[in-house]
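Report on one structure; see the data block that follows.
Per chain, numbering begins at 1; letters A, B, ... match sequence-line order. Heavy-atom basis, side chains included; hydrogens, waters and symmetry copies ignored.
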Number of protein chains: 2
Amino acid sequence: MAKKRETDLSTEEKIIEAARKVFTQKGYAATRTRDIAEEAGINLALLNYYFRSKEKLFEKVMFEKVHKLFGAIAPVLNDENSDLTEKIEKIVENYINMLVMNPDLPLFVLSEIKNNSEQFGDKFNMGKLMLESVFARQIRKRRPDISPLHIIMSVLGLVLFPFIGRPVLRAIGAVDEASFMGLMEERKKLVPHWVAAILNS
Amino acid sequence: MAKKRETDLSTEEKIIEAARKVFTQKGYAATRTRDIAEEAGINLALLNYYFRSKEKLFEKVMFEKVHKLFGAIAPVLNDENSDLTEKIEKIVENYINMLVMNPDLPLFVLSEIKNNSEQFGDKFNMGKLMLESVFARQIRKRRPDISPLHIIMSVLGLVLFPFIGRPVLRAIGAVDEASFMGLMEERKKLVPHWVAAILNS
DNA sequence: AAATTTTTTAATCAAATGATTAAAAAAAAT
DNA sequence: ATTTTTTTTAATCATTTGATTAAAAAATTT
């Protein structure tokens, strides 16, 4: 049995890096394995040698992306040592910092999940887990009169939607890249204020 | 030259109705013309007889969908006879009423625009038009200290995002169809309140 | 250095898919 | 009723695309 050489990792990493780029840019269905191979600068057969199929490669990329998207909120959900205000500040900051580096992430992940929602059914109790989290409990305590889902959807909408709508805003010439990112920086402070106002309304 | 018969419209309408359904459900790339033909209960060649190609058929559907999505906000933008509060109420109500009937619309349109943003470049000044609308002017008057884009993104985020995130919420078992729609009904009253709170914050 | 294992490639396959063609069926016009 | 036009279908094409195979090249082991 041979040891792994640097080139092994390098080639495999070149392929998956290309896959990240092309899948995120065009979606699963519109991506051709040849696109990925070309982007990685390797032969098509090599892609199937390292990963068994387009779907297997996609699953790897998708797994990463899903974790990146939900990783911004997950560690905050059950933190017993922060209050509601602090949690919201943390979620907003985590998300915007990550999304500025990965602006296409939400639209990619949400689209692919919609087209393949069965695969995410194994996380059957993730919904319950979210609604029984410390975060949800703190929301309920502050506003027993409305569903915590309303607040969660609102926070996520205020933070994620600009990135989801960004392609349209850019297409119609409403913002350029630089000013969009400037607005997102502003939103790190604005959104927590606004959510506080919502919780008091 | 022969007159058009009822069957003409009926067949053409059967095809485009099937196209609406399949394209919206699976997106352009994942849709096969055979799927549409089967859904319409007609021969594949007939699809190419009525519409010249998959792309032409898609353009027809896409045009409708884009207009449906932006039609909920467009007539309100330049209404001189309503104040900011009334406009927000109207936008929220229009949108939620329409989205309850077309929950997949936003994710579909935003995804397809992202993958084909060149085609929407002809509406080059639509961005300027939006930022010079009566609506934008009224926002600026109320809050000269922040970009009206912040408020517009926030209203749209609060209204559209729940529908964009719905596939995930359903996949993780956080809501069933009925309770989701119930929440959206509640949001018709909640979101205008919240936006008012944001504007005062 | 020789043998073995791992990596890479060129060539090719088989299935899927958008589209066309030629002919039949139906409808409309004469 | 006959002719002409329009609609529909079955069969087929050509291209694309995911995947495989057999052989070469490179690296590793012995």
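Applying a 4.0 Å cut-off to non-hydrogen atoms, none of the residues of residues 22-40 of chain B approaches DNA chain D.
Among B/Val61, B/Leu57, B/Ile36, the one residue that satisfies the side chain to side chain contact (heavy atoms under 4.5 Å, CB included) test with B/Phe51 is B/Leu57. Just one of A/Ile152, A/Val76, A/Ile151 meets the side chain to side chain contact (heavy atoms under 4.5 Å, CB included) condition when paired with A/Phe135; it is A/Ile152.
Computed from coordinates, the B/Arg52 CZ to C/dT21 P distance equals 11 Å when rounded to whole Å. Rounded to whole Å, the distance from NZ on A/Lys56 to P on D/dA19 is 9 Å. Across the protein-nucleic acid pair, B/Asn48 atom CG and D/dC13 atom C1' stand 13 Å apart, rounded to whole Å. Distance A/Phe58 CZ to D/dA19 P: 14 Å, rounded to the nearest Å. Look at CD on A/Glu12: it is 15 Å from P on C/dT6, rounded to the nearest Å. Rounding to whole angstrom units, CG of residue A/Leu47 and C1' of D/dT20 are separated by 13 Å. Atom OH of B/Tyr50 is separated from atom P of D/dT6 by 12 Å (rounded to the nearest Å). In this structure, the CG atom of A/Leu57 is 14 Å from the C1' atom of D/dA19, given to the nearest Å.
B/Ser82 and B/Lys87 form a side-chain donor-acceptor contact under 3.5 Å, judged by distance and modelled atom types alone. In this structure, a donor-acceptor pair under 3.5 Å is present between the side chains of A/Arg187 and B/Ser154.
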Strictly under 3.5 Å: I want the nitrogen or oxygen pairs between protein and nucleotides 9-11 of chain D, one per line.
unit_1, atom_1, unit_2, atom_2, d
D/dT9, OP2, B/Asn43, N, 3.2
D/dA10, OP2, B/Asn43, ND2, 3.4

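Residue B/Thr11 places no side-chain N or O under 4.0 Å from the OP1 or OP2 atom of D/dT7.
A distance-only check finds no donor-acceptor pair linking the side chain of B/Ser179 to the backbone of B/Val175 [under 3.5 Å]. Judged by distance alone, with hydrogens and angles left aside, the side-chain atoms of B/Lys54 form a donor-acceptor pair with the main-chain N or O of B/Tyr28 at under 3.5 Å.
With salt bridges taken as basic N to acidic carboxylate O contacts below 4.0 Å, none links B/Lys14 and B/Glu17.
For A/Lys90 and A/Tyr95, the positive end is not near the middle of the six-membered ring at less than 6.0 Å and at most 45° from its axis.
In this entry C/dT30 has D/dA1 as its Watson-Crick or G-U wobble partner, both defining distances falling under 3.5 Å.
Residues B/Phe63 and B/Phe58 keep their aromatic ring centres 6.0 Å or farther apart.
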